[in-house]
Amino acid sequence: LLDLDLKAALLRTREALADKTVPDRLRQLGVKKPGGLSAAVDELLMTIEECQIRSRLADALLVYVPVLGERLRDGTIFFRRSGNGPREESTFLCGLLLDLSPGGRLRTDLFLRKGILHASITAEDRTFSEVLKNGAEELKKQFSAAGLSLSALTVRQGEVRDGAAAPFDS
């Protein structure tokens, strides 16, 4: 599922579709309008790039999350603030729970504590967890490129807990 960057795969697909022999081959395979594939690829690329531009303009980290169709069985995004004291003493959480097929359940939590950003990713599937661990350094670079200082990134395999309270319970 995560062994290819979606934008990179779309760029390679667009390049392949530009080859003059590809449309003829696609027609032989039963594709009636190969030009429609090129237009769809261009539209997806434009959507991803628009998200990237908005992220820069808003000085925020916006992430393009494509609808995964049959691969996404369930998903939840939640936000939470812990602590009743001053805002600067609070911990803020943004969490994402996904149930993917294949890949199993995945939980991503971003914590902001006293101006310091921490990230935690837990995947139930061992193989999926290894793919995520292998991409951890690239993720750190992307945070840095977005102007965000990520002090800690934890990627692990294990039980995925439900609910917004779970990270504060442990």
Side-chain angles (χ1 to χ4, degrees), residues 1-11 40 43-170:
L1 180 64
L2 291 180
D3 52 353
L4 288 177
D5 174 276
L6 179 58
K7 184 177 178 184
L10 288 168
L11 289 168
E43 189 172 325
L44 282 169
L45 281 167
M46 189 169 62
T47 301
I48 293 170
E49 289 167 352
E50 178 184 331
C51 183
Q52 291 171 328
I53 289 169
R54 285 181 185 214
S55 183
R56 294 280 187 202
L57 290 175
D59 195 22
L61 180 63
L62 303 178
V63 179
Y64 174 72
V65 179
V67 176
L68 301 173
E70 294 177 10
R71 293 182 183 175
L72 178 62
R73 290 186 282 223
D74 193 20
T76 304
I77 298 174
F78 53 88
F79 301 91
R80 176 148 184 236
R81 174 183 173 202
S82 74
N84 295 324
R87 186 175 176 86
E88 58 273 1
E89 297 296 320
S90 295
T91 297
F92 297 88
L93 164 69
C94 173
L96 176 65
L97 288 165
L98 298 175
D99 189 357
L100 304 171
S101 174
R105 291 169 38 95
L106 172 76
R107 180 178 179 127
T108 301
D109 293 309
L110 291 175
F111 300 94
L112 182 63
R113 292 183 186 129
K114 298 181 181 181
I116 300 170
L117 190 62
H118 308 269
S120 173
I121 303 171
T122 304
E124 286 184 340
D125 182 79
R126 185 174 309 281
T127 303
F128 193 42
S129 175
E130 289 303 315
V131 168
L132 293 169
K133 284 178 186 176
N134 291 338
E137 287 304 314
E138 181 60 30
L139 182 58
K140 288 179 186 177
K141 289 178 190 175
Q142 290 176 359
F143 269 90
S144 180
L148 298 169
S149 177
L150 184 63
S151 73
L153 172 61
T154 305
V155 180
R156 64 180 165 265
Q157 187 266 326
E159 178 186 357
V160 171
R161 297 173 65 186
D162 289 329
F168 296 113
D169 294 342
S170 47

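Residues Leu96 and Phe78 share a closest heavy-atom pair of N-CE2, 4.3 Å. Gly158 approaches Thr122 most closely through the heavy-atom pair O-CG2, 3.8 Å. Between Ile116 and Ser151, the shortest heavy-atom distance links the atoms CG2-OG, 3.1 Å.
Put simply, CZ on Arg156 and CG on Leu132 are 12.5 Å apart, with the number rounded to the nearest 0.5 Å. Atom CG of residue Leu10 and atom CD of residue Glu43 lie 11.5 Å apart, to the nearest 0.5 angstrom. Taking CG of Leu98 as the start and OG1 of Thr108 as the end, the distance is 7.0 Å to the nearest 0.5 Å. Interatomic distance, CG of Leu106 versus CG of Asp125, reported as 10.5 Å (0.5 Å rounding). Atom NZ of Lys7 and atom CG of Leu44 lie 12.5 Å apart (nearest 0.5 Å). With values rounded to the nearest 0.5 angstrom, Leu110 atom CG is found 8.0 Å from Leu150 atom CG.
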Pair Glu130-Gln157, side-chain contact (heavy atoms from CB on, under 4.5 Å): steps then yes or no: CA-CA 8 Å; Glu130 289 303 315; Gln157 187 266 326; over 6 Å; no

side-chain contact (heavy atoms from CB on, under 4.5 Å) between Leu117 and Phe92, worked out: CA-CA 9 Å; Leu117 190 62; Phe92 297 88; over 6 Å; no

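Judged as a side chain to side chain contact (heavy atoms under 4.5 Å, CB included), and not counting sequence neighbours, the contacts of Leu139 are Ile121, Gln142, Phe143, Leu153.
At a threshold of 4.0 Å, the pair Glu159-Arg105 does not count as salt-bridged, since none of the basic side-chain nitrogens sits closer than that to a carboxylate oxygen.
Other residues, nucleotides and ligands contribute at most 12 non-hydrogen atoms within 6.0 Å of the CD1 atom of Ile77.
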